[in-house]
2 protein chains.
Amino acid sequence: MKPTLQYSITIFKALSEVTRLKIIWLLMNMDSKICVSEIIEVLEEPQYNVSRHLKILSKAGLLEESKEGKWVYYYIKKTNSEFLQHIKNAVSIISKNDMTMEIQRCKQKLLTRDK
Amino acid sequence: MKPTLQYSITIFKALSEVTRLKIIWLLMNMDSKICVSEIIEVLEEPQYNVSRHLKILSKAGLLEESKEGKWVYYYIKKTNSEFLQHIKNAVSIISKNDMTMEIQRCKQKLLTRDK
DNA sequence: ACATCATATGCCTTTTGGTGCATATGAGTT
DNA sequence: AACTCATATGCACCAAAAGGCATATGATGT
């Protein structure tokens, strides 16, 4: 199905904010589901902001959540929408220069995850 | 060159507003440069808004302008940025359902252009 | 049952973005 | 030079989005 104008705008808006774009970028590049507290540490953003931005991304249909005990894990929603695929292709080539610290913290986080 | 986070956000923001997205969509689908007064008629938006949105799109690097007499023509800026190419691919498949009236008016306009 | 940890959310303030109107600029026309 | 047409822009206003803080919810552990 081809996306409507309004739907496209929802997606573009969702991606027009630094924290949100960083979240999407990280989830795409780390290729792993990540829980809220991990994102908080990695991005060094307050808890309520991370929560809210995750909600916006979910509502836009870009993320999905899975509750596991007291944690909520978020991951990139699989899609067969051609439109979203193009958008994801675009996001995937955003430079990681602005993100070196976050990447380091994230890799560290993922390594030291308790099993 | 890979786009920075901030640059990507500029692009996403530029595309997060109906009038602006319609302008881009039209320019891509009509495959012709269009001047401001034509866009005003086609979109039925006030002059000052069209002007302003065109400016925002230009500043974001999505459009280019050429002055011809008292008219200013706008057209999609050619790019070899991989990022922008993906974005354009996405925009190109937005449904034209919301745009039927605009398309008709636009085709009419282009046909009746004085030479 | 109580305390704690992880996450979400309501309310309020601040910031950002869009619109309307009036006016400015600048080119073409008389 | 005065007038009109096409476009741009400054200012004031309103609406939407983001952020801060406090509190709520809901699961886990004692």
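Below, chains carry the letters A, B, ... as their sequence lines are ordered, and counting in each starts from 1. Atoms considered below: every heavy atom in the structure, side chains included; atoms not considered: hydrogens, waters and symmetry mates.
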By salt bridge (charged side-chain N to carboxylate O under 4.0 Å, His left out), K22(B) pairs with (sequence neighbours left out) E102(B)
Sequence neighbours excluded, the answer for side chain to side chain donor-acceptor pair (under 3.5 Å) partners of S81(B) is none
Here the distance between atom C1' of dT19(C) and atom CG of L43(B), to the nearest Å, is 16 Å
Contacts satisfying salt bridge (charged side-chain N to carboxylate O under 4.0 Å, His left out) that involve residues 60-76 of chain A (not counting sequence neighbours) are K33(A)-E68(A)
To the nearest angstrom, the CG-P distance between L15(B) and dG18(C) comes to 12 Å
Show every donor-acceptor pair shorter than 3.5 Å between a side-chain atom in residues 52-63 of chain B and any protein atom, with sequence neighbours excluded, or say none if there are none.
from   : atom 1 : to     : atom 2 : distance (Å)
H53(B) : ND1    : R20(B) : NH1    : 3.1
S58(B) : OG     : L54(B) : O      : 3.1

Members sharing Y73(A)'s hydrophobic cluster, built from side-chain contacts under 4.5 Å between Ile, Leu, Val, Met, Phe, Trp and Tyr, are W71(A)
Once base and sugar-phosphate atoms are separated, protein heavy atoms under 4.0 Å mark nucleotides 25-30 of chain C, 5' to 3', with B, S and - as --SS--
note: E41(A), atom CD; dA6(C), atom C1'; distance rounded to Å ~ 13 Å
Quick one: do M28(B) and F83(A) end up in the same hydrophobic cluster if we chain Ile, Leu, Val, Met, Phe, Trp and Tyr together by side-chain heavy atoms under 4.5 Å apart? yes
Requested in this report: Respond yes when some side-chain nitrogen or oxygen of S37(B) is under 4.0 Å from OP1 or OP2 of dT7(D), and no when none is.
Outcome: yes
The residue, E68(A) or E38(B), whose nearest nucleotide of DNA chain D is more 5′ is E38(B)
Report, one line per pair, each donor and acceptor closer than 3.5 Å where one atom sits in a side chain of residues 84-98 of chain B; sequence neighbours left out.
from   : atom 1 : to     : atom 2 : distance (Å)
K88(B) : NZ     : K77(B) : O      : 2.8
N89(B) : ND2    : Q85(B) : O      : 3.3
S92(B) : OG     : N89(B) : O      : 2.7
S95(B) : OG     : N97(B) : N      : 2.9
S95(B) : OG     : N97(B) : ND2    : 3.4
D98(B) : OD2    : L5(A)  : N      : 2.9

I40(B) atom CD1 is separated from dC5(D) atom P, nearest whole Å, by 14 Å
All N/O donor-acceptor pairs, side-chain side in residues 37-48 of chain A, below 3.5 Å, sequence neighbours left out:
from   : atom 1 : to      : atom 2 : distance (Å)
E38(A) : OE1    : C35(A)  : N      : 3.0
E38(A) : OE1    : R113(A) : NH2    : 2.9
E38(A) : OE2    : R113(A) : NE     : 2.7
E41(A) : OE2    : K109(A) : NZ     : 3.3
Q47(A) : NE2    : S51(A)  : OG     : 3.4

In whole angstroms, the gap separating P of dT16(C) from CD1 of I9(B) amounts to 13 Å
Closest heavy-atom pair, S16(A) versus I9(B), reported as atoms and distance to 0.1 Å, is O-CG2, 3.6 Å
Inset, instruction - Check whether Y75(A) and V36(A) end up in the same hydrophobic cluster, where Ile, Leu, Val, Met, Phe, Trp and Tyr are linked by side-chain heavy atoms less than 4.5 Å apart. - result: no
The bend of the helix from dA1(C)-dT30(D) to dT30(C)-dA1(D), taken between the axes of its five terminal pairs at each end and rounded to 10°, is 10°
Exercise. Do W25(A) and L15(A) pass the side chain to side chain contact (heavy atoms under 4.5 Å, CB included) test, and can you show the C-alpha distance, the side-chain angles, and the key distance before you say yes or no?
Worked result: CA-CA 10 Å; W25(A) 191 96; L15(A) 299 171; over 6 Å; no
Protein-proximity profile, nucleotides 8-20 of chain D, B/S/- by nucleotide at the 4.0 Å heavy-atom cutoff, equals BBBB-----SSBB
